[in-house]
Amino acid sequence: MRLMQENWIGRSEGLKFDFTIVETGEKLPVYTTRPDTLFGASFCAISADHPIAAKLAEDNAELEAFVQECRQTGTTEEALEKADKNGYHTGLHVTHPFDDSIKLPVYVANFVLMDYGTGAIFACPAGDQRDLDFARKYDLPVLPIVLPEGEDAASFEIGTEAYTGPGTLYNSGFLDGLDIDTAKATVIDRAEAEGWGERMVNYRLRDWGVSRQRYWGTPIPFVHCDDCGVVPVKSEDLPIKLPEDVSFDKPGNPLAHHPTWKKTSCPACGKDAERETDTMDTFMDSSWYFMRFCTPDADEPFDGSVVDEWLPVNQYIGGVEHAILHLLYARFFTRALNHIGRTKIKEPFEGLFTQGMVNHVTYKDSNDEWVFPELVRTKEDGGLYRSDTGLVVKAGRIEKMSKSKRNVIDPDDIIDQYGADTARWFVLSDSPPDRDLQWTEAGIEGAWRFNQRICRLVSEPSVALSPMGSDMPTSLSDSALALRKASHKTIKGITADIEGLHFNKAVARLYEFAAAISVKLEGAGAGEAMREALETLVLLVCPMMPHLAEEMWQQLGYETLASNAPWPKAEEALTVDATVKMAVLVNGKVRDTIEVAKDMSKEDVEAVAMGSEKVQSFIEGKTVRKVIVVLGRIVNIVAN
RNA sequence: GCCCCUGUGGCGGAAUUGGUAGACGCGCGGGAUUCAAAAUCCCGUUCCUUCUGGGAGUGUCGGUUCGAUUCCGACCGGGGGCACCA
């Protein structure tokens with residue numbers, strides 16, 4: 001996640017310096033992250049959109065044609081991928097900064113981007129694949145300058161693959177023998193000292209075009225006046241509100257169609273003028289809504305002191321699809337608001353939990369239309385058809401549920417059939433929330449059965465419950481104590497599961513708890529232990545099946561709400577057992593299990609393990625070399 | 001091409017982060033109850049096997065370790081992101 005954002009920002013450090021063009025005396029600024037490879041430079045390349053290329057193209061039809069060609073291939077991204085490296089020699093040359101006698105030819109090249117760096121590069125074919133491809137194609141020199149460890153300078157050659165790994169500089173004058181990082185620093189220092197270049201940080205962050213031609217967005221508070229041009233709306237007239245009587249019948253922007261909304265007067269000269277009908281991207285709002293959320297009553301956008309108290313958000317839960325844009329922009333906004341002193345917080349979100357996406361098979365009928373899964377029926381021969389039109393249906397890729405592809409399931413159907421509690425329980429039970437999930441209703445029966453089962457446990461308890469609020473007796477029968485332990489272990493486990501967002505594990509634990517409640521109870525404390533267990537069950541189930549929990553809570557005699565009751569607290573003493581089961585391994589294979597007192601010493605545990613008949617039969621005739629005892633876990637006996 | 005995530009029974013998925021692999025659920029098989037069915041309950045269910053037992057097994061191959069689903073290396077498959085960024 002962080003990494004994706006880092007890639008998106010694309011910070012790089014390097015050297016920016018000017019070449020001097022021999023023929024014209026002009027400066028040609030270039031940017032590089034590998035100043036250490038300067039001695040391996042064999043040509044310069046500029047973008048087809050570079051001013052120098054444009055100027056030359058004015059009286060060079062051939063170059064003009066080449067520039068046009070580059071622009072065309074540049075638009076289709078797929079073509080780019082396989083496009084060959086192409087260039088056009090401008091006839092110009094530049095002087096090498098370290099050696100006046102070296103003149104490098106200047107090409108216009110299709111792989112150089114105008115909007116990154118300076119739109120011009122120097123190329124070191126030995127250290128960059130693109131440069132190498134180009135050099136091979138136009139038969140330009142390739143001088144290796146980085147020697148990988150273990151290679152011999154006399155024999156190391158660059159074939160069709162550039163060497164980009166670590167190594168030692170050579171063929172590089174004063175840089176010879178340095179490693180890459182030191183060489184980079186040396187060149188930059190020298191460039192700055194001699195005044196022909198400077199250290200530069202570059203980002204490849206993309207522009208964010210914030211205007212949208214749509215209704216749902218914040219109006220952009222500007223007015224277009226024939227005389228004054230674009231004029232900002234006066235601050236006392238803010239905010240501009242969207243009209244509510246818009247129609248969406250016509251294609252295009254409803255604001256532009258609206259008969260009156262855009263008509264206004266110029267804030268500067270008072271003449272008739274028109275409002276800007278584009279609105280802002282909704283990312284604009286989603287980048288700081290959490291601040292407004294803390295202070296909904298503030299007259300200003302938000303009250304910084306309140307925001308500082310509540311934020312940052314401890315746990316943000318969202319889908320991966322917002323990994324970069326929304327979450328990154330929100331960080332930028334927060335950073336900016338922090339810089340201008342509106343808030344003290346530096347980051348908006350402390351923790352992020354990315355939910356998986358819900359996927360479903362897509363269906364298309366013979367008219368090439370997407371089909372809702374609920375309309376798809378299976379024929380006897382296994383073929384698919386639409387229940388409404390009868391057209392043949394083909395199953396396509398499994399994809400993220402989306403309205404446009406109609407591979408969505410309406411939860412209302414399963415809510416109608418099983419109720420909201422069961423539906424919710426089922427969704428939580430199946431898959432950990434961070435994983436992508438392929439939607440299926442297989443298994444919902446189990447959720448329904450559980451729902452019914454716990455209802456019965458409460459309405460027909462196997463022993464008479466003690467009255468509400470009665471004290472737990474000091475002495476308990478074995479079965480009552482066992483149930484109490486189950487209750488408290490479950491409380492402890494579920495609390496941790498929910499904290500960690502492992503809802504599916506919490507569900508599994510509740511299934512086990514229900515099984516523990518079903519066992520026969522007798523003797524002292526049975527009624528009390530059962531009441532405790534059932535109340536615990538209700539409270540633990542409450543976040544996942546709230547309606548059912550309230551009903552059961554009433555059956556247990558309460559007139560309050562289970563959701564308002566405090567979360568149960570585990571008694572630590574009841575969550576630990578006096579004995580512990582341990583596996584006994586001989587040469588790494590489980591041969592027996594033993595049950596020993598929890599606090600038994602390693603020596604005693606070893607003795608018990610060695611005393612096992614099964615173990616003896618496996619070590620018979622062998623010499624015991626080593627015994628490893630991990631208390632509470634395993635005993636491993638190594639023998640041969 | 002580069003980066004990230006992921007791979008465990010017929011299926012969804014557990015495994016206290018190096019310590020009994022397969023919890024729990026689904027499905028399937030068997031049984032109880034019933035005139036019968038529904039519902040419910042119990043038992044079994046990784047694979048192989050010469051079956052009171054033994055062997056193999058967490059994508060594949062190797063390594064570290066007394067011990068590896070877990071750590072390391074290479075490869076294969078699936079998903080996602082970036083993509084001529086100098």
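Here is how names work: the chains are called A, B, and so on, in the same order as the sequence lines, proteins then strands, and each is numbered from 1. As a basis for the values below, the full set of heavy atoms in this structure was taken, side chains included, without hydrogen atoms, waters or symmetry mates.
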Student: Provide the distance between the two P atoms, one in B/G79 and one in B/G62, to the nearest whole Å.
Tutor: 28 Å
Student: Looking at A/Gln355, I'd like to know if its CD atom is crowded, meaning that more than 12 non-hydrogen atoms belonging to other residues, nucleotides or ligands lie closer than 6.0 Å.
Tutor: yes
Student: NA contact type, A/Lys16, heavy-atom cut-off 4.0 Å: base, sugar-phosphate, or nothing?
Tutor: nothing
Student: Take atom P in B/G25 and the same atom in B/U58, then report the distance between them in whole Å.
Tutor: 26 Å
Student: Look at the side chain of A/Asp421 and the backbone N and O of A/Leu548, then say whether any donor-acceptor pair between them is shorter than 3.5 Å.
Tutor: yes
Student: Any chance NZ of A/Lys16 has more than 12 other-residue heavy atoms, nucleotides or ligands included, within less than 6.0 Å?
Tutor: no
Student: Any heavy-atom pair between the side chains of A/Ile46 and A/Val106 that's under 4.5 Å?
Tutor: yes
Student: Need one value for A/Arg435: base, sugar-phosphate or nothing, where a base atom within 4.0 Å counts as base even if backbone is also close, heavy atoms only.
Tutor: sugar-phosphate
Student: Would you mind classifying the nucleic acid contact of A/Tyr511 as base, sugar-phosphate or nothing, using non-hydrogen atoms under 4.0 angstrom?
Tutor: sugar-phosphate
Student: Please name all residues satisfying ring pair (Phe, Tyr, Trp, His ring centres under 6.0 Å) with A/Phe111, sequence neighbours left out, ordered by chain then number.
Tutor: A/Phe134
Student: Taking the nucleotide of RNA chain B with the nearest heavy atom to each, does A/Glu512 or A/Tyr203 sit closer to the 5' end?
Tutor: A/Glu512
Student: Considering only nitrogen or oxygen atoms on both sides, find all protein atoms under 3.5 Å from nucleotides 47-50 of chain B and state each distance.
Tutor:
none

Student: Is it true that A/Glu522 and A/Lys520 have a side-chain N and a carboxylate O under 4.0 angstrom from each other?
Tutor: no
Student: Yes or no on side chain to side chain donor-acceptor pair (under 3.5 Å) for A/Tyr418 and A/Glu445, after CA distance, side-chain angles and deciding distance?
Tutor: CA-CA 9 Å; A/Tyr418 296 100; A/Glu445 291 288 338; 3.0 Å; yes
Student: If you look at every strand shown and take non-hydrogen atoms under 4.0 Å, does A/Arg625 touch a base, only sugar-phosphate, or nothing?
Tutor: nothing
Student: Given 3.5 Å as the limit, does a donor-acceptor pair link the side chain of A/Thr32 with the main chain of A/Arg34, or not?
Tutor: yes
Student: Using a heavy-atom cut-off of under 4.0 Å over every strand shown, decide if A/Val507 touches base, sugar-phosphate, or nothing.
Tutor: nothing
Student: Could you tell me which residues satisfy ring pair (Phe, Tyr, Trp, His ring centres under 6.0 Å) with A/Phe349, sequence neighbours excluded, listed by chain and number?
Tutor: A/Phe290, A/Tyr316
Student: Mind checking the P distance from B/C72 to B/U65? Whole angstroms is fine.
Tutor: 16 Å
Student: Between B/C76 and B/C61, how far apart are the C1' atoms? Round to whole Å, please.
Tutor: 10 Å
Student: Could you give me the CA-CA distance, side-chain angles and deciding distance for A/Trp8 and A/Tyr203, then say whether ring pair (Phe, Tyr, Trp, His ring centres under 6.0 Å) is met?
Tutor: CA-CA 9 Å; A/Trp8 192 259; A/Tyr203 300 93; over 10 Å; no
Student: For B/C75 versus B/C82, give the span between their C1' atoms, rounded off to a whole number of Å.
Tutor: 24 Å
Student: Under a 4.5 Å cut-off applied to non-hydrogen side-chain atoms, are A/Thr95 and A/Ile102 in contact?
Tutor: no
Student: Strictly below 4.0 Å, N to O, side chains only: are A/Lys598 and A/Asp577 in salt-bridge contact?
Tutor: no
Student: Taking the six-membered ring for Trp, are the ring centroids of A/Phe17 and A/Phe19 within less than 6.0 Å of each other?
Tutor: yes
Student: I need the CZ-P distance between A/Arg449 and B/A39, as an integer number of Å.
Tutor: 8 Å
Student: Which residue, A/Gly10 or A/Arg509, contacts RNA chain B at a nucleotide closer to its 5' end, judged by nearest heavy atom?
Tutor: A/Arg509
Student: Please write out the pairs of protein N or O atoms and N or O atoms of nucleotides 29-33 of chain B separated by less than 3.5 Å, giving the distance to one decimal.
Tutor:
none

Student: Okay, side chain of A/Ser601, backbone of A/Asp604: is any donor-acceptor separation there less than 3.5 Å?
Tutor: yes
Student: Enter syn or anti for the glycosidic conformation of B/C51, syn applying to angles within 90° of 0.
Tutor: syn
Student: With a 4.0 Å cut-off on heavy atoms, is A/Phe618 in touch with a base, just the backbone sugar-phosphate, or nothing at all?
Tutor: sugar-phosphate
Student: Work out how far the C1' atom of B/G7 is from that of B/G59, and round it to whole angstrom.
Tutor: 6 Å
Student: What nitrogen or oxygen pairs link the protein and nucleotides 61-70 of chain B at under 3.5 Å?
Tutor:
residue: B/C66; atom: O2'; partner: A/Asn636; partner atom: ND2; Å: 3.3
residue: B/C66; atom: O2; partner: A/Asn636; partner atom: ND2; Å: 2.6

Student: Side chains of residues 113-121 of chain A: which donor-acceptor pairs under 3.5 Å do they make with residues two or more places apart or in other chains?
Tutor:
residue: A/Tyr116; atom: OH; partner: A/Ser12; partner atom: OG; Å: 3.1
residue: A/Thr118; atom: OG1; partner: A/Pro29; partner atom: O; Å: 2.8
residue: A/Thr118; atom: OG1; partner: A/Ala120; partner atom: N; Å: 3.4
residue: A/Thr118; atom: OG1; partner: A/Ala120; partner atom: O; Å: 3.2

Student: With sequence neighbours left out, what residues match A/Glu572 under salt bridge (charged side-chain N to carboxylate O under 4.0 Å, His left out)?
Tutor: A/Lys492
Student: Expressed in whole Å, how much space separates the P atoms belonging to B/C28 and B/A39?
Tutor: 12 Å
Student: Evaluate A/Arg453 against A/Ser518 for side chain to side chain donor-acceptor pair (under 3.5 Å), listing each step before the verdict.
Tutor: CA-CA 10 Å; A/Arg453 183 175 183 188; A/Ser518 306; 3.2 Å; yes
Student: Is the shortest side-chain heavy-atom distance between A/Val584 and A/Ile634 below 4.5 Å?
Tutor: no
Student: Starting at atom NZ of A/Lys489, determine the distance to atom P of B/A23, rounded to an integer number of angstrom.
Tutor: 18 Å
Student: Considering only atom P, compute the distance from B/U69 to B/U20 and round it to an integer number of Å.
Tutor: 10 Å
Student: Quick check on contacts: within residues 113-124 of chain A, what sits under 4.0 Å from RNA chain B by heavy-atom distance?
Tutor: A/Leu113, A/Tyr116, A/Ile121
Student: Just label B/U52 as syn or anti from its O4'-C1'-N9-C4 or O4'-C1'-N1-C2 angle, using within 90° of 0 for syn.
Tutor: anti
Student: Quiz question: by atom type and distance under 3.5 Å, do the side chains of A/Ser612 and A/Asp592 form a donor-acceptor pair?
Tutor: yes
Student: Keeping to residues at least two apart or across chains, list the ring pair (Phe, Tyr, Trp, His ring centres under 6.0 Å) pairs with something in residues 485-506 of chain A.
Tutor: none
Student: Counting Watson-Crick and G-U wobble pairs with both distances under 3.5 Å, what is the dot-bracket string for RNA chain B, 5' to 3', using [ ] for crossing pairs and | for pairs to another strand?
Tutor: (((((((..(((......[....)))((((((.......))))))((((...))))..(((((..]....))))))))))))....
Student: Any donor-acceptor pair under 3.5 Å linking the side chain of A/Thr182 with the backbone of A/Leu178?
Tutor: no
Student: Using a 4.0 Å heavy-atom cut-off, does A/Arg11 contact any base of the nucleic acid, only the sugar-phosphate backbone, or nothing at all?
Tutor: nothing
Student: Could you check which residues of residues 490-504 of chain A get a heavy atom under 4.0 Å from RNA chain B? Sort them by number, please.
Tutor: A/Asn504
Student: For nucleotides 15-18 of chain B, give me every protein contact, N/O to N/O, under 3.5 Å, one pair per line with atom names.
Tutor:
residue: B/A15; atom: OP1; partner: A/Lys505; partner atom: NZ; Å: 2.4

Student: Rounded off to whole Å, could you give me the CG-to-C1' distance for the A/Leu325 and B/C82 pair?
Tutor: 13 Å
Student: For A/Ser431, report the nucleic acid contact type (base, sugar-phosphate, nothing); a contact means any heavy atom under 4.0 Å.
Tutor: sugar-phosphate
